[in-house]
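Just so we're clear, the structure is a prediction, and the values are computed from it rather than from any experiment.
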Amino acid sequence: MAVIDIGTNAIRMVVAQVLEEGRYEVLERYQRAVWLGQDTFRRGRIGAQCMRATVEVLRDYVRVLREYRIEKVRAVATSSLREAANADNVLDRIYLACGLNIEIISIAEEGRLTVAAVREAVGELSEVNQGHSLVADVGGGSTILTILDEGEIVNSVGVRFGSVRLLEMLSARSEPADRLSELFRQHIRMQAASVTRTLPLADCDTFVAVGGDVRFAAREAGRPTHSEDLLEVPKDRFEQLIEQCIRHSPEELCRRFNLTFAEAETLVPALLMYWELLARTQATRLLVAKVSMRDGVLAELARETTGSEDQSIREGILHAAYAMAARYCVDLEHARVSSEIAVRLFDYLQSDHGLQRRHRFLLQIAAILHEVGRFISPSAHHKHSYYVIANSEIFGLTPQETEIIAHIARYHRRSPPKPSHIEYTTLPRESRVVVNKLAAVLRVADALARGNIQSAEQVELGHDEDELFITIRGLSKVFLEKRSVALKSDMFEDVYGMKVRVE
């Protein structure tokens with residue numbers, strides 16, 4: 001298998017083979033410098049020269065894939081293409097020239113894959129699996145920050161602020177090294193201050209850093225740990241290295257540390273970003289993981305091949321959904337009961353809807369979030385829920401999955417989908433079918449959770465050809481549940497061809 005990563009200042013590829021139990025072995029790594037981010041962050045679009053260079057590199061990579069007889073390949077692009085106005089043209093040019101389908105991944109997806117790789121590198125390290133930890137990945141176009149509590153993901157944000165973006169924003173490459181580093185510090189402090197309003201950095205006592213620039217710091221000032229994929233850099237030695245680097249121009253850094261110019265130019269702003277984040281935590285050292293987002297993609301491809309699953313990522317997505325629900329003042333008990341009943345209905349109706357396990361998970365997330373719109377207004381809150389969810393980045397979910405969840409929440413009450421609903425009609429046909437089936441289930445689950453049910457274990461299901469029987473145990477009266485279901489089961493009857501009866 002192989003992973004291709006079209007980044008801000010380089011195009012990289014990793015070739016690996018799958019072993020048993022979802023493990024993999026890297027065979028070769030490739031890297032070619034192409035400054036796509038320079039075009040995107042300066043002009044908002046990829047120029048013809050960069051486009052030609054990208055196609056040429058990918059043609060070479062495709063030849064390697066043929067030599068290895070690759071069976072699975074996933075090609076992804078990050079901020080440089082994510083923000084380019086002509087991204088569709090670039091992707092089409094690549095497909096026609098190389099036959100590669102490039103997937104532009106969101107910041108949330110990038111963060112999820114990076115954290116998955118970090119967790120493999122960290123292993124059973126007690127510092128990361130106890131207390132609060134910050135995982136920081138400073139890239140060329142964006143910085144991804146993830147908080148772990150007792151080893152579990154509790155929050156993750158992506159900031160559109162990276163080393164290449166900072167260089168293009170300042171346009172001050174001709175400034176003396178000391179003046180340029182001071183400009184970097186000022187901008188980085190402002191960005192870090194805004195991050196602290198979102199993430200509790202001060203609570204973190206462990207700092208895990210990911211990225212090529214910080215791996216340089218580990219190489220120059222690091223010490224080994226229990227894991228070959230993890231190095232530690234004491235805080236004082238890291239500060240000394242930064243003070244040494246900021247006195248030199250990129251050309252001097254190339255000669256002094258045997259770096260390419262592309263590596264040297266982004267080194268100082270990236271290291272200053274890591275330092276500013278480290279200084280806002282309680283950590284006394286950096287733990288540098290010698291992994292990247294590409295390792296997370298490889299691990300995912302290996303799990304797909306062997307049929308295994310990363311349960312920790314699922315738990316992280318659930319935690320992120322509940323955190324978002326709490327942020328919008330959702331009744332968390334109602335969200336929990338709704339999601340439990342929805343999943344119970346999904347499992348029972350498996351032969352009727354024919355959907356996959358991932359759809360079950362999307363239904364669970366939609367049930368947790370379906371009332372976030374009440375934060376804006378109780379009136380037409382289902383429409384507000386759609387807007388809030390569709391415009392949020394939920395850790396671990398792709399933009400397409402987030403859009404499906406937003407539509408499921410949109411149709412948990414009132415009108416079912418109509419041709420006049422533009423957002424719905426622009427979905428692919430397969431996604432519209434999924435939304436219909438899952439929204440119909442959520443409506444029934446939400447109606448049942450409006451009553452006195454405290455657990456999905458109280459709900460027993462049965463059905464014949466044209467009727468679904470819902471028996472509620474432990475209640476002497478089910479008037480409220482019957483009335484709620486009668487008002488909200490119309491879409492279920494349309495989709496599944498069954499009336500719903502509560503007993």
Side-chain angles (χ1 to χ4, degrees), residues 318 321-322 325-326 328-353 355 359-375 377-386 405 407-417 435-503:
L318 282 172
Y322 273 112
Y328 286 97
C329 303
V330 168
D331 179 346
L332 296 183
E333 183 62 16
H334 174 72
R336 179 188 65 80
V337 175
S338 297
S339 66
E340 288 179 0
I341 296 174
V343 166
R344 197 174 184 88
L345 283 164
F346 180 96
D347 292 343
Y348 183 79
L349 296 165
Q350 181 65 57
S351 61
D352 294 282
H353 56 61
L355 297 178
H359 296 128
R360 179 185 190 268
F361 190 57
L362 299 185
L363 172 63
Q364 189 177 2
I365 301 299
I368 293 168
L369 297 175
H370 71 278
E371 292 211 318
V372 292
R374 285 186 178 274
F375 185 82
S377 172
S379 176
H381 70 267
H382 54 296
K383 296 179 182 179
H384 301 313
S385 291
Y386 168 81
I405 289 169
H407 277 92
I408 297 168
R410 162 71 172 85
Y411 295 113
H412 84 271
R413 67 191 290 268
R414 295 290 180 89
S415 167
V435 168
N436 289 342
K437 291 178 177 180
L438 298 186
V441 170
L442 179 56
R443 286 164 89 102
V444 175
D446 181 52
L448 291 169
R450 292 281 163 207
N452 298 306
I453 298 175
Q454 297 179 340
S455 169
E457 298 299 321
Q458 294 176 248
V459 177
E460 294 185 8
L461 303 168
H463 79 290
D464 57 23
E465 290 185 0
D466 61 356
E467 199 165 28
L468 175 70
F469 313 119
I470 300 176
T471 304
I472 303 173
R473 303 293 183 189
L475 296 181
S476 58
K477 298 178 180 178
V478 290
F479 173 77
L480 184 58
E481 288 79 3
K482 281 186 175 182
R483 179 174 175 78
S484 296
V485 169
L487 291 172
K488 300 190 70 172
S489 61
D490 53 342
M491 187 174 175
F492 187 92
E493 185 175 349
D494 288 342
V495 172
Y496 292 96
M498 288 186 279
K499 294 182 180 294
V500 182
R501 177 155 57 90
V502 177
E503 301 175 339

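- No more than 12 heavy atoms of other residues, nucleotides or ligands sit less than 6.0 Å from atom CD of Q454.
- Listed by chain and number, the residues in a side chain to side chain contact (heavy atoms under 4.5 Å, CB included) with A440 are M491, F492, V495, Y496 (sequence neighbours excluded).
- Annotation: H412 is in aromatic contact with H381 [ring centroid separation under 6.0 Å].
- Listed by chain and residue number, R360 satisfy the salt bridge (charged side-chain N to carboxylate O under 4.0 Å, His left out) test with D347 (two or more places apart in sequence, or in another chain).
- The existence of a salt bridge linking R450 and E371 is confirmed by a sub-4.0 Å separation between a basic side-chain nitrogen and an acidic carboxylate oxygen.
- M498 and L468 get closest at one heavy-atom pair: CB-N, 4.2 Å.
- In K482, the NZ atom is not crowded: 12 or fewer heavy atoms of neighbouring residues, nucleotides or ligands sit closer than 6.0 Å.
- The two residues L363 and A342 make their nearest non-hydrogen contact at CD2-O, 3.5 Å.
- Summarising the geometry of I405 relative to A366, their closest heavy-atom pair is CG2-CA, 3.8 Å, with the distance given to 0.1 Å.
- With sequence neighbours excluded, no residue forms a ring pair (Phe, Tyr, Trp, His ring centres under 6.0 Å) with H382.
- Each of V444, I470, I453, L442 was evaluated against I341; a single residue qualifies, I453, per the side chain to side chain contact (heavy atoms under 4.5 Å, CB included) test.
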Notebook entry, point to check: Could you go step by step and tell me if H370 and S385 meet the side-chain contact (heavy atoms from CB on, under 4.5 Å) rule?
Noted result: CA-CA 6 Å; H370 71 278; S385 291; 5.7 Å; no
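- Taking 4.0 Å as the cut-off between side-chain N and carboxylate O, D352 and K437 do not count as a salt-bridged pair.
- The salt bridge (charged side-chain N to carboxylate O under 4.0 Å, His left out) search around R414 returns none, not counting sequence neighbours.
- Ring centers of H463 and Y348: under 6.0 Å apart, within the cut-off.
- No side-chain heavy atom of F361 sits less than 4.5 Å from a side-chain heavy atom of V343.
- For A449 against S338, the heavy-atom pair with the smallest separation is CB-OG, 3.4 Å.
- Salt-bridge check for R483 with E481: failed, with every basic side-chain N at 4.0 Å or more from each acidic carboxylate O.
- I472 is not listed as a side-chain neighbour of E503, based on a closest heavy-atom distance of 4.5 Å or more.
- Note on E467 versus K499: no salt bridge recorded, every NZ/NE/NH1/NH2 to OD/OE distance being 4.0 Å or above.
- For the pair D446 and K488, the salt-bridge criterion is met [side-chain N within less than 4.0 Å of a carboxylate O].
- Residue pairs meeting the salt bridge (Lys or Arg N to Asp or Glu O under 4.0 Å) criterion with at least one partner in residues 331-343, sequence neighbours excluded, are E333-R336, R336-E340.
- Contact detail for I368 and V330: the closest heavy-atom pair is O-CG1, 4.2 Å.
- Scanning all heavy atoms of the two residues, the minimum distance from V459 to L461 falls at CG1-CD2, 3.9 Å.
- The side chain to side chain contact (heavy atoms under 4.5 Å, CB included) test applied to L480 returns S484, not counting sequence neighbours.
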